[in-house]
Amino acid sequence: MQAFRSTVRVASQFRPTGLPRFYSTQKSYEHLLVSTPKPGVGFIQLNRPKALNALCTPLILELNQALRDFQADKSIGAIVLTGSEKAFAAGADIKEMKDLTFSNAYGNDFIETWSDLVTFLKKPLITAINGYALGGGCELAMMGDILYAGPKAVFGQPEIKLGVIPGAGGSQRLTKAIGKSRAMETILTGDNISAKQAGEWGLVAKVFETPEATVDGAIATAEKIAGFSQIAVKAAKEVVNKSQDLGIREGVEYERRVFHGLFGSQDQKIGMAAFAAKAKAEWKNE
């Protein structure tokens, strides 16, 4: 525990002053700070300050484990992922990639684990972005279900400047978020997207006035979501994500089937009975 307190003190100089400074944690990590700042809220902060939170395989493996732990924890209803004031994640660690060959990268499925969280995480993930979110950092930010940005957040996919292209979903998620023309321009030129542009283009849900407000806002939203039925929240996330894969007719039919299925849950009975009685719903998450 003493070692963890020391880690928190060291990391505090790289984070906005509004970030949680110390809370209980399930385990300590080399590249993450993990806490529960509010009831029902899991909080993960990337913690490679000297590398501007550059993403590397050890960090991603830790991140996946922390997310799996929160996924399995029934007391957690939503999760916040952030970095420091200077950088959410300035990109992938070039030192890890520069000497790779095609056979090594392709044969060993390099960075495949970087997208694992999208497939297994059923709880809402809110990414709070301050500073740089470039390359892999931008891709990680876009894996969030809700994106919040600080006033000096900077997004971009500058891989073209390195002789490669986005490899962790950047071309796909950015295009769905801001449209083909803007995504094509961003990826082909390597130009950055400012926080203001990100808000105007719909890449982020909201742009906050300060870095502290960005993280506080993400935690507040996560706490609000965590106060609802986890069954309904899981279903809502599922149908919204399905809209990215299906046409409107198939999507509406899928949504309706999930909607009908919720009438088999206890929380549907609790929620509607509480509404009719003008009382607060006491969810069982069943």
Side-chain angles (χ1 to χ4, degrees), residues 8 11-12 14-26 29 31-47 49 53 55 59 63-64 66-67 69-71 73 75-90 117-118 121-134 137-155 173 177 193-196 198-199 201-228 230 233-234 236-237 240-241:
V8 172
S12 66
F14 299 101
R15 64 155 73 102
T17 56
L19 284 183
R21 291 186 175 275
F22 177 75
Y23 296 98
S24 62
T25 182
Q26 292 87 345
Y29 293 92
H31 303 302
L32 306 175
L33 298 176
V34 180
S35 60
T36 52
K38 296 287 184 178
V41 177
F43 186 87
I44 303 173
Q45 182 182 3
L46 305 182
N47 186 39
N53 290 332
L55 304 178
L59 182 151
L63 176 59
N64 284 338
L67 289 168
D69 289 345
F70 279 140
Q71 175 66 36
D73 188 341
S75 71
I76 299 297
I79 304 163
V80 173
L81 174 64
T82 194
S84 68
E85 182 171 353
K86 185 178 291 186
F88 172 75
L117 68 92
V118 177
L121 189 62
K122 307 299 182 183
K123 296 178 180 180
L125 176 66
I126 303 170
T127 48
I129 298 95
N130 286 301
Y132 296 110
L134 304 177
C138 185
E139 290 170 311
L140 178 60
M142 291 190 293
M143 291 180 197
D145 298 303
I146 302 172
L147 281 67
Y148 285 165
K152 295 183 180 180
V154 179
F155 301 85
R173 294 190 179 91
I193 301 170
S194 68
K196 183 173 183 293
W201 293 357
L203 178 59
V204 301
K206 192 180 297 183
V207 179
F208 290 80
E209 294 184 356
T210 67
E212 294 89 344
T214 307
V215 177
D216 289 344
I219 292 173
T221 297
E223 185 179 19
K224 183 175 184 177
I225 293 170
F228 296 124
Q230 290 186 17
V233 168
K234 179 179 179 180
K237 173 173 174 172
V240 172
N241 281 339

What I'd like to find out is whether the side chain of [X] reaches to under 4.5 Å of the side chain of [Y], using heavy atoms alone.
{"X": "Leu67", "Y": "Leu125", "result": "yes"}
{"X": "Pro39", "Y": "Val41", "result": "no"}
{"X": "Tyr29", "Y": "Asn47", "result": "no"}
{"X": "Leu121", "Y": "Ile79", "result": "yes"}
{"X": "Leu147", "Y": "Met142", "result": "yes"}
{"X": "Pro151", "Y": "Pro211", "result": "yes"}
{"X": "Phe43", "Y": "Val215", "result": "yes"}

What residues form a side-chain contact (heavy atoms from CB on, under 4.5 Å) with [X], not counting sequence neighbours?
{"X": "Ser194", "value": "Lys196, Gln197"}
{"X": "Ala195", "value": "Ala153, Val207"}
{"X": "Phe208", "value": "Tyr148, Lys206, Ala213, Thr214"}
{"X": "Ala89", "value": "Leu46, Asn53, Leu55"}

Would a distance-only check, ignoring hydrogens and angles, find a side-chain to backbone donor-acceptor pair under 3.5 Å from Lys237 to Asp145?
-> no

Donor-acceptor pair, Gln71 side chain versus Lys122 backbone, under 3.5 Å?
-> yes

Of all heavy-atom pairs between [X] and [Y], which one has the smallest distance, and what is that distance?
{"X": "Leu63", "Y": "Ile44", "value": "CD1-CG2, 4.0 Å"}
{"X": "Leu203", "Y": "Ile193", "value": "CD2-CD1, 4.5 Å"}
{"X": "Ala226", "Y": "Ala78", "value": "CB-N, 4.3 Å"}
{"X": "Pro124", "Y": "Ile225", "value": "CG-CG2, 3.9 Å"}
{"X": "Phe155", "Y": "Leu134", "value": "C-CD2, 3.7 Å"}
{"X": "Ala133", "Y": "Cys138", "value": "O-CB, 3.1 Å"}

Gap separating the [atom1] atom of [X] from the [atom2] atom of [Y], nearest 0.5 angstrom:
{"X": "Thr221", "Y": "Asp216", "atom1": "OG1", "atom2": "CG", "result": "11.0 Å"}
{"X": "Leu81", "Y": "Met143", "atom1": "CG", "atom2": "CE", "result": "10.5 Å"}
{"X": "Thr82", "Y": "Ile126", "atom1": "OG1", "atom2": "CD1", "result": "11.5 Å"}

